[in-house]
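Contents: one structure, followed by commentary.
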Amino acid sequence: MDNGIKWRAMPADFPPWDRVYAFFRRWRDHALIKEFHDRLRAQVREKLGRDAEPTAGVIDSQSVKADAVVGADSRGFDGGKLVNGRKRHVVVDTLGLLLGVMVTPADVGDRTAAQVLLTQVADAHPRLALVWADGGYTGSLVEHCLATFALVLAIVKRSDNMRGFVVLPKRWIVERLFAHLMQSRRLVRDFEHRTTSAEAMVYWSMTLLMTRRLAR
């Protein structure tokens with residue numbers, strides 16, 4: 001994850017690469033990677049004096065180029081960002097810790113993906129009551145979240161008279177997470193055949209961040 005190596009390039013002091021990959025695949029398919037990640041997130045929140053379960057979050061997406069190994073069935077073209085690849089849709093808490101991730105082709109709209117992702121996040125975090133989002137999430141999604149999950153989707157818009165780069169309230173939190181993901185070389189591009197593997201790699205990247213914080 002950290003150095004972006006291929007599975008076959010595992011350091012010599014690790015077990016054979018195919019055995020390591022077998023564990024990764026088993027943990028991915030049984031959602032154990034997410035469970036490890038979620039337990040660590042609760043520990044980080046409690047260490048910082050917060051409740052283990054969040055009540056507010058931020059949602060956004062990030063388009064990344066896909067490697068040649070990514071098939072046409074799981075890649076697309078994001079016309080806004082001019083990226084041919086995949087899109088990572090994420091929800092984070094107010095500390096910038098990951099609550100949920102979903103990887104789709106880059107041409108999938110933010111509102112379409114958010115409806116599925118917010119369903120998963122709301123089920124996993126019943127205390128979540130407020131989520132901030134940018135202008136791309138306006139429309140019927142706001143009413144859907146309120147009626148279905150009793151979840152307030154608050155839109156943080158950029159003013160029309162703003163010039164250049166401006167830090168917007170709450171939205172900088174999720175942008176910081178994207179910046180962290182880019183420090184993991186495995187995530188600079190999407191190298192995974194399956195979207196579930198791509199999601200697992202995002203959880204591993206955040207696991208690296210949280211274990212380092214807990215070990216201080």
Side-chain angles (χ1 to χ4, degrees), residues 1-11 13-14 17 20-21 23-24 27-28 32-45 47-48 50 54 57-70 74-75 78 80-104 106 110 113 117 121 132-134 165-216:
M1 166 55 62
D2 198 32
N3 293 287
I5 63 171
K6 298 179 180 179
W7 284 107
R8 292 177 184 270
M10 275 283 180
D13 54 345
F14 277 73
W17 76 267
V20 178
Y21 177 71
F23 272 100
F24 166 79
W27 292 352
R28 176 199 65 197
L32 290 178
I33 296 174
K34 184 178 185 301
E35 183 176 341
F36 301 153
H37 167 276
D38 290 353
R39 291 187 184 189
L40 286 170
R41 185 191 59 236
Q43 290 185 36
V44 172
R45 287 182 58 85
K47 185 177 181 180
L48 295 173
R50 303 293 187 92
V58 191
I59 187 171
D60 205 349
S61 66
Q62 176 193 46
S63 295
V64 292
K65 293 181 179 180
D67 192 67
V69 300
V70 176
S74 64
R75 70 190 297 155
D78 182 346
K81 302 290 179 61
L82 302 179
V83 171
N84 185 337
R86 285 178 173 161
K87 188 180 288 187
R88 299 168 184 149
H89 308 267
V90 302
V91 179
V92 302
D93 65 10
T94 53
L95 297 174
L97 302 176
L98 186 64
L99 299 180
V101 58
M102 185 171 71
V103 175
T104 67
D110 288 349
L117 179 58
V121 172
W132 288 280
D134 65 24
F165 175 77
V166 179
V167 176
L168 297 176
K170 305 303 179 183
R171 281 175 48 187
W172 66 268
I173 298 173
V174 70
E175 295 297 341
R176 184 177 61 182
L177 174 130
F178 290 142
H180 165 76
L181 296 184
M182 290 296 98
Q183 292 178 5
S184 297
R185 291 189 178 184
R186 183 84 180 206
L187 296 179
V188 173
R189 278 177 176 261
D190 195 319
F191 294 100
E192 313 306 323
H193 288 276
R194 298 174 53 171
T195 56
T196 51
S197 292
E199 292 164 1
M201 289 299 179
V202 173
Y203 282 119
W204 275 127
S205 180
M206 290 303 296
T207 296
L208 275 173
L209 174 69
M210 293 187 295
T211 51
R212 287 168 179 164
R213 288 184 180 179
L214 289 171
R216 286 174 183 169

(request) State the NZ-OG1 distance between Lys87 and Thr104, to the nearest 0.5 angstrom. (result) 6.5 Å
Closer than 3.5 angstrom, by distance alone: can the side chain of [X] be matched with the main-chain N or O of [Y] as a donor-acceptor pair?
X: Glu199; Y: Met102; result: no
X: Thr211; Y: Thr207; result: yes
X: His180; Y: Ser205; result: yes
X: Arg176; Y: Leu95; result: yes

Test item: [X] and [Y] side chains (from C-beta on) under 4.5 Å apart, heavy atoms:
X: Phe191; Y: Arg185; answer: no
X: Val90; Y: Leu98; answer: yes
X: Ser63; Y: Leu82; answer: no
X: Ser184; Y: Trp204; answer: no

(message) Between the side chains of Glu175 and Arg171, is the shortest nitrogen-to-carboxylate-oxygen separation below 4.0 Å, so that they form an ion pair?
(response) no
(message) What I want to find out is whether Arg186 reaches Glu192 closely enough, with some N-O distance under 4.0 Å, to be called a salt bridge.
(response) yes
(request) Would you please classify the geometry between the Phe36 ring and the Trp27 ring as parallel, tilted or perpendicular, with 30° and 60° separating the classes? (result)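 Ring orientation of Trp27 relative to Phe36: perpendicular.
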(request) Over 60° means perpendicular and under 30° means parallel, so classify the ring planes of Tyr203 and His37, tilted if in between. (result) perpendicular
(message) Going by the rule side-chain contact (heavy atoms from CB on, under 4.5 Å), which residues pair with Ser74 if we only count those two or more places apart in sequence or in a different chain?
(response)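 By the side-chain contact (heavy atoms from CB on, under 4.5 Å) rule, Ser74 matches Val70, Arg86, Thr195.
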(request) Kindly state each residue pair satisfying salt bridge (Lys or Arg N to Asp or Glu O under 4.0 Å) with at least one member in residues 90-99, sequence neighbours excluded. (result)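 Salt bridge (Lys or Arg N to Asp or Glu O under 4.0 Å) check on residues 90-99 returns Arg45-Asp93.
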(message) Considering only residues two or more places apart or on different chains, which pairs with a residue in residues 207-216 satisfy salt bridge (Lys or Arg N to Asp or Glu O under 4.0 Å)?
(response) Asp2-Arg212
